[in-house]
Amino acid sequence: MDTTALLVIAAGILAFALISRRAEAGMVTAPMVFTAFGFVAGSGVLGVIDPQIQSSSLQTVAELTLVVALFTDAARIDLRRLGSEHDVPLRLLGIGLPLTVAAGTGAAMLLFPSLGLWPALLIGVILAPTDAALGQAVVSDARVPQRIRQGLNVESGLNDGIAFPALLFIASFAGGAVEDLGVGSGEIGAMGWASFILGQLILGPLVGLGVGLGGTFLITRAHAREWMNEIFVRISTLCLAIIAFTAAELVGGNGFIAAFAGGLMVGTRSRVVLDGVEDFGETEGQLLTLLVFLLFGAVLLPELESLGLRHVLYAILSLTVLRMVPVALSLVGTRMAPATVLFLGWFGPRGLASILYLLLLTESGAVPGIEEIQRVVFLTVLMSIVLHGATAAPLAGRYGRWIKTQDDAPEHRPTFPFPVRMRSMRQKAGKT
C-alpha cells in the first residue's frame, strides 16, 4: 500500500468522523460508508487502493482484526450470568446456529451442486455468524425490549467464536493443505485427528484461559496498588489478546480459539480489565473493523463481475429463510409474538466474521470451489450491509412502539445488560 493509498484512507476516516454522530442517528452505518468508500477508491472506480484478496497486507489486517474481535466480543459476556438470565441467546446459539449452518449447507448444495458437501458446509459456516454492529440501531434503541436487544447482542458476541472450530474441522475435509488455519491435509488418519483435536481444540482454549486468568490477575493487582495508569490498562488488553494468540500458536494450539477463550475468562474475572477492553474496542478495535470493511469494498469488483442468478438467490435466502426458520424453531416455547420472532430472524446481519473467515480460508490453501465460495459470501455480506443498515433504525422504532403496547408480553422480562460493542450504542441503549 503506497503513500497515496494511505492518504486516501486517512482522509476518508477523518471525513466520516466529522459526521459520525449524525450518521448514527439515521439510516447510514459506518460499514455501509466504508464499504462504498473502499469500492470507489479501489478497482471499482479510482484504483487508488488495489489490494488483492490473497495479498499479505490484507491477510495481516484480517488476522489481527479477528484476534481482537474474538477477544473483545467474548470479554463482553459474563458466562456466569448468561446461563441463568439469557435464554434467548442460548436458544439462538444452541439451536438456531446449528440449524442455520445446516440450512445454508443444504441450499448451497442445491444451488451449486458441483461444489460438493465440504465446500457447501464451508459456505454454511462462514455465513452463520451474525454482526450486530451492522444494524446498531436495533441493539441501541431503548424502545426495543432489553431482552430482545441483549439476545441479539450476546448472539453476535459469541457465535463467531463458536463457529470457528467448526470451520477448522470442515476445512480439513474440504481438501488441500490449509496450514494457516492450523489444519493439515484433508487426508487425516486416526492419529492425525487425535493430534488435531489435542492441538487445536484443547491446547488453544487452555492457553487462552491461562493467559486470561493470569493476565487479569496481574492487571487487577497492579491497578489496585496504583502501579498502573488507565492508558496502560487499555494497552494491556491488546497485549492479552496477542499473547493468547501467539502463545497458543507456539505450542501447537489454535491462536484464534485461544483469543476467544482468553476473552471469556476476562469477562468473568475483572471489571477493571473489562473496562479496558471496552475502551480499546472504541478506538483501536473499531479502526481495524473499519479498515476491513474498506478493504472489503476495494476487492469487491472482480467478485461482482462474475455473479449469476444463483448467487443472488442464495444471498436472498441466506438473509431471510435460512436465518428466519431456524430462529423461529429455536424460540418455540418462549411464547413470544410472531412479530418478535420475525424481528429477531431478520436482524441477523452477516458482516465482519464472515469476511474474516473467508479471507483466512482464501489464504490458507487450495480449497475446492473457493472462487464460488467467495462470490456467494461477498454478495451476501454486501446485501446485508446495505439492507440491515438501512432497515435497522426504522424497523427498531416501529417494533419498539408496537411492543410497548403489549404490557404483559414475555419480551419485557428484564435481563442483565451486557455491554454492546460501541460506547455510543451503549449510551443510546440507556447506558447499559
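With hydrogens and angles disregarded, a donor-acceptor distance shorter than 3.5 Å links the side chain of Y314 to the backbone of G104. A donor-acceptor pair is defined here as one N or O able to donate and one able to accept, closer than 3.5 Å; such a pair exists between the side chain of E249 and the backbone of G255. T340 places no side-chain N or O within 3.5 Å of a backbone atom of M336 that could act as its donor or acceptor partner. Listed for the H412 side chain is a donor-acceptor partner under 3.5 Å among the backbone atoms of Q406.
Taking the ring pair (Phe, Tyr, Trp, His ring centres under 6.0 Å) definition, one finds that F296 meets it with F378, sequence neighbours left out. F37 is linked by a ring pair (Phe, Tyr, Trp, His ring centres under 6.0 Å) to nothing, counting only residues two or more places apart in sequence or in another chain. In this structure, the salt bridge (Lys or Arg N to Asp or Glu O under 4.0 Å) partners of R375, at least two apart in sequence or on a different chain, are E372. Scanning for side chain to side chain contact (heavy atoms under 4.5 Å, CB included) contacts around P98 gives an empty result, with sequence neighbours left out. The ring pair (Phe, Tyr, Trp, His ring centres under 6.0 Å) check on F34 picks up F16, with sequence neighbours excluded. Scanning for side chain to side chain contact (heavy atoms under 4.5 Å, CB included) contacts around L319 gives W346, R350, T380, M383, S384, L387, H388, with sequence neighbours left out. The ring pair (Phe, Tyr, Trp, His ring centres under 6.0 Å) check on F71 picks up nothing, with sequence neighbours excluded. With sequence neighbours excluded, no residue forms a salt bridge (Lys or Arg N to Asp or Glu O under 4.0 Å) with R401.
Applying the salt bridge (charged side-chain N to carboxylate O under 4.0 Å, His left out) definition to pairs two or more places apart or across chains, none involves residues 377-398. The salt bridge (charged side-chain N to carboxylate O under 4.0 Å, His left out) pairs that include a residue from residues 96-112 number zero, where partners must be two or more places apart or lie in different chains. Sorted by first and then second residue, the ring-ring contact (aromatic ring centres under 6.0 Å, His included) pairs involving residues 321-343 (not counting sequence neighbours) are F343-F347, F343-Y399. Applying the side-chain hydrogen bond (donor to acceptor under 3.5 Å, both in side chains) test to pairs two or more places apart or on separate chains, those with a residue in residues 323-335 are E155-R323.
The aromatic ring centres of F245 and F256 sit less than 6.0 Å apart.
D87 has a carboxylate O that lies under 4.0 Å from a charged side-chain N of R147, or vice versa, which qualifies the two as a salt bridge.
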